[in-house]
Amino acid sequence: MKLGKDFFARDADIVARELLGKVLCRKIDNNVLKAKIVETEAYFDEKDPASRASKGENKVSKMMKQEPGKILVYNVHKYKMLNFVSGKKGVASAVLIRAVEPLNFEAKTSGPGLLTSALKINDEFHGKFQDEKNLLWVEESADNEEFEIVKSFRIGVTKDLPEKLRFYIKGNKFVSRW
DNA sequence: CATATGATGGACT
DNA sequence: GTCCATCATATGG
């Protein structure tokens, strides 16, 4: 079952935590690649010094104010980042997918740049709803596997808030760092 | 095992 | 030219 707009229409830290264990799906040709989300980070509005929204109006902050459930693809260095817009429309808020665990394919996905490469995610998805075209979406996990959620400070961020806004599944080997 | 550093390219000033 | 929500490699214990 796919996650709807309501799922994303909450605060980024809640969405980030609840995305853990959900299944990210990517349709390529007639194959659907499935991967469990194991690591996320929450990003907020201009109060958040790590967020692009704190640097004024730009491509990213505009998209973060769009409707929840939209896909935000952002380019850092030569890699893409996969985010989902969260919160209410008009408020800058998003969740970064940092790492996934491949369920029915083999790939290195232990990092935000690696997983977008493995799933062939590019600018084509930027600004689309998460299930538009049925090429990329998130659904409930099939199993009810137990896992422990750990909070930590964000990674690779030059300026951070004194809050723990990174969430990951404890002990999962695809988490980029713990 | 750990931490440090250079390559990398798009967006912005 | 500067900044950056990264990665792979190199170095040291």
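Order of the sequence lines sets the chain letters (A, B, ...), proteins ahead of strands, with each chain counted from 1.
A/I97 and A/V76 sit in two unconnected hydrophobic clusters of ILVMFWY residues. Membership requires side-chain heavy atoms under 4.5 Å apart, directly or through other members.
The side-chain contact (heavy atoms from CB on, under 4.5 Å) search around A/N31 returns none, not counting sequence neighbours. Taking the ring-ring contact (aromatic ring centres under 6.0 Å, His included) definition, one finds that A/F8 meets it with A/F84, sequence neighbours left out. Residues meeting the side-chain hydrogen bond (donor to acceptor under 3.5 Å, both in side chains) test with A/E124, sequence neighbours left out: none.
Of the candidates C/dA5, C/dA8, B/dG9, B/dG9 carries the atom nearest the A/K78 side chain, counting heavy atoms from C-beta on.
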Under 3.5 Å, N/O pairs linking protein and nucleotides 9-11 of chain C:
none

Mind listing the N/O atom pairs, protein and nucleotides 10-13 of chain B, below 3.5 Å?
{"residue": "B/dA11", "atom": "OP1", "partner": "A/K59", "partner atom": "NZ", "Å": "3.3"}
{"residue": "B/dC12", "atom": "OP1", "partner": "A/K59", "partner atom": "N", "Å": "3.2"}

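Remark: C1' of B/dT8 and CE of A/M81 are 12 Å apart, rounded to the nearest angstrom. Following rounding to the nearest Å, A/R98 (CZ) and C/dC7 (C1') show an atom-to-atom distance of 11 Å. Between A/I155 atom CD1 and C/dT6 atom P the separation is 9 Å, expressed in whole Å. Rounded to an integer number of Å, the gap from A/K108 NZ to C/dC7 C1' is 11 Å. Computed from coordinates, the A/L96 CG to C/dT6 C1' distance equals 11 Å when rounded to whole Å.
Clustering of Ile, Leu, Val, Met, Phe, Trp and Tyr side chains at separations under 4.5 Å leaves A/F153 isolated, with no partner residue.
Applying the salt bridge (charged side-chain N to carboxylate O under 4.0 Å, His left out) test to every pair with at least one member in residues 100-110 of chain A, sequence neighbours left out, gives these pairs: A/K36-A/E101. The side-chain hydrogen bond (donor to acceptor under 3.5 Å, both in side chains) pairs that include a residue from residues 4-14 of chain A are A/K5-A/E67, A/R10-A/E18, where partners are two or more places apart or lie in different chains. Counting only residues at least two apart or on different chains, no ring-ring contact (aromatic ring centres under 6.0 Å, His included) pair has a member in residues 25-75 of chain A. Residue pairs meeting the salt bridge (charged side-chain N to carboxylate O under 4.0 Å, His left out) criterion with at least one member in residues 48-60 of chain A, sequence neighbours excluded, are A/D48-A/R154, A/E57-A/K65. Within the structure, every pair that satisfies the side-chain hydrogen bond (donor to acceptor under 3.5 Å, both in side chains) test and touches residues 75-92 of chain A, not counting sequence neighbours, is listed here: A/K80-A/D123, A/S86-A/S93.
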Base-pair string, DNA chain B, Watson-Crick plus G-U, cut-off 3.5 Å on both distances, | for inter-strand, is |||||||.||||.

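Using a 4.0 Å cut-off between a side-chain N of Lys or Arg and a carboxylate O of Asp or Glu, A/R98 and A/E41 qualify as a salt bridge.
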